[in-house]
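Everything below concerns the one structure shown next.
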Amino acid sequence: MEVERYEKIWIALSLILVAFLAAISISVFAHGISLPGVEHRFNPNAVFQKPPFDKPGVTEVSPGQYEVYMVGMVWSFVPNEIRVPVGSKVTIHATSRDVTHGLAIQGTNLNLMLLPGLISTGTATFNEPGEYLFLCHEYCGIAHQVMAGKVIVEASPK
Ligand SMILES: [Cu+2]
């Protein structure tokens with residue numbers, strides 16, 4: 001059977017779809033990567049009744065490792081000050097009570113979108129003492145520009 005040259009090229013290109021299917025299958029079944037589903041959703045109006053967001057703040061989970069539960073709302077963050085010693089690895093779990101907000105921490109690559117009813121998670125390590133501004137980077141209303149806070153990284157005692 002004679003197959004045209006261009007037809008052979010198209011048949012070969014269609015194998016890309018097989019490669020994509022393999023990549024998706026490996027990420028879903030071997031690495032367990034999936035999109036957030038509705039089962040993780042909660043009512044954003046009741047976020048302050050939902051543990052652990054009923055006690056937003058900073059917790060030391062092991063030496064040098066901190067977890068932060070944070071809620072963004074018009075126009076502030078709770079908590080708006082995070083205090084950790086230098087060298088700390090900080091994981092932030094954040095959500096929004098009302099509209100879409102953002103969370104970016106200056107000097108790190110932590111950059112999250114805070115969506116009502118969903119939890120966003122990101123981690124940053126602070127190896128230099130100082131104050132790191134964090135702010136909302138999604139326009140969220142008339143006082144968006146005041147929605148900010150800071151991470152205070154304290155030099156460890158000598
Ligand atoms: Cu905001």
Side-chain angles (χ1 to χ4, degrees), residues 19-158:
F20 287 162
L21 184 65
I24 291 171
S25 301
I26 289 167
S27 60
V28 170
F29 298 110
H31 298 290
I33 295 169
S34 64
L35 295 171
V38 289
E39 71 273 17
H40 298 300
R41 297 234 172 124
F42 57 89
N43 176 6
N45 297 316
V47 64
F48 287 115
Q49 280 88 59
K50 177 189 161 56
F53 289 101
D54 57 338
K55 294 185 186 77
V58 188
T59 313
E60 186 173 12
V61 286
S62 66
Q65 301 244 15
Y66 292 83
E67 300 266 320
V68 177
Y69 288 89
M70 181 184 277
V71 179
M73 64 185 104
V74 287
W75 289 280
S76 60
F77 293 102
V78 178
N80 68 357
E81 189 180 295
I82 297 167
R83 201 174 277 269
V84 291
V86 70
S88 297
K89 188 175 173 189
V90 178
T91 300
I92 296 180
H93 307 272
T95 186
S96 167
R97 193 188 64 178
D98 35 50
V99 298
T100 301
H101 295 285
L103 172 67
I105 306 181
Q106 176 193 38
T108 71
N109 61 2
L110 192 140
N111 185 331
L112 301 172
M113 257 180 121
L114 313 189
L115 300 166
L118 287 171
I119 299 166
S120 306
T121 299
T123 300
T125 304
F126 296 91
N127 290 320
E128 295 290 332
E131 288 191 3
Y132 296 74
L133 177 75
F134 62 81
L135 39 80
C136 176
H137 59 72
E138 296 283 343
Y139 182 71
C140 58
I142 193 87
H144 163 68
Q145 74 281 0
V146 303
M147 189 169 168
K150 59 190 169 184
V151 179
I152 299 170
V153 179
E154 297 171 322
S156 49
K158 296 193 172 102

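Quick caveat, the model's predicted, so the values are computed rather than measured. In this chain, residues are counted from 1 in sequence order.
- Using a 4.5 Å cut-off on side-chain heavy atoms (C-beta onward), E128 and V153 make no contact.
- Of all the heavy atoms in L114 and A94, the pair that sits closest is CD2-CB, 3.4 Å.
- To the nearest 0.5 Å, the span separating CD on E67 from CD1 on I92 amounts to 10.5 Å.
- Of the possible polar contacts, none joining the T59 side chain to the V61 backbone as a donor-acceptor pair under 3.5 Å is found.
- Taking each heavy atom of H144 and W75 in turn, the nearest pair found is N-CD1, 3.6 Å.
- Within the 4.5 Å cutoff, no side-chain heavy atoms of V90 are placed close to those of V151.
- Atom-to-atom distance recorded for F126:CZ and I82:CD1 is 7.0 Å, nearest 0.5 angstrom.
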Extract all donor-acceptor atom pairs below 3.5 Å that involve side chains of residues 47-57 and protein atoms in other chains or at least two apart in sequence.
none

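- Of the inter-residue distances, the one linking N127 atom CG with S88 atom OG reads 9.0 Å to the nearest 0.5 angstrom.
- Using a distance-only test at 3.5 Å, with no hydrogens or angles considered, a donor-acceptor pair links the side chain of S120 to the main chain of M113.
- In this structure the side chain of F134 never reaches within 4.5 angstrom of the side chain of L110, judged on heavy atoms.
- The shortest distance between side-chain heavy atoms of R83 and V58 does not fall below 4.5 Å.
- The structure places CE of M147 at 10.5 Å from CG of N80, a figure rounded to the nearest 0.5 Å.
- If you take CG on L103 and CG on N111, they are separated by 8.0 Å, rounding to the nearest 0.5 Å.
- Under a cut-off of 6.0 angstrom, the local environment of CD1 in I142 is sparse, with at most 12 non-hydrogen atoms contributed by other residues, nucleotides or ligands.
- Between the NE2 atom of H31 and the OG atom of S25 there is a distance of 11.5 Å, given to the nearest 0.5 Å.
- Taking both residues in full, the closest heavy atoms of C140 and V99 are given as CB-CG2, 3.9 Å, listed atom of the first, atom of the second, then distance.
- Inter-residue side-chain proximity for E131 and L133 is flagged as unmet; no heavy-atom pair is nearer than 4.5 Å.
- Between H93 and Y69, the ring-plane angle classifies as parallel under the 30° and 60° cut-offs.
- When all heavy atoms are compared, the tightest approach of G72 to F77 is CA-CD2, 4.2 Å.
- Residues V78 and R97 have side chains not in contact (no heavy-atom distance under 4.5 Å, counting atoms from C-beta outward).
- The shortest distance between side-chain heavy atoms of V84 and E60 does not fall below 4.5 Å.
- In terms of heavy-atom proximity, M70 sits nearest to P79 at CE-O, 3.6 Å.
- Put simply, the side chain of T95 never gets that close to the backbone of P116: no donor and acceptor are under 3.5 Å apart.
- Minimum interatomic distance between G117 and P44 (heavy atoms only, all atoms of both residues): N-CB, 3.7 Å.
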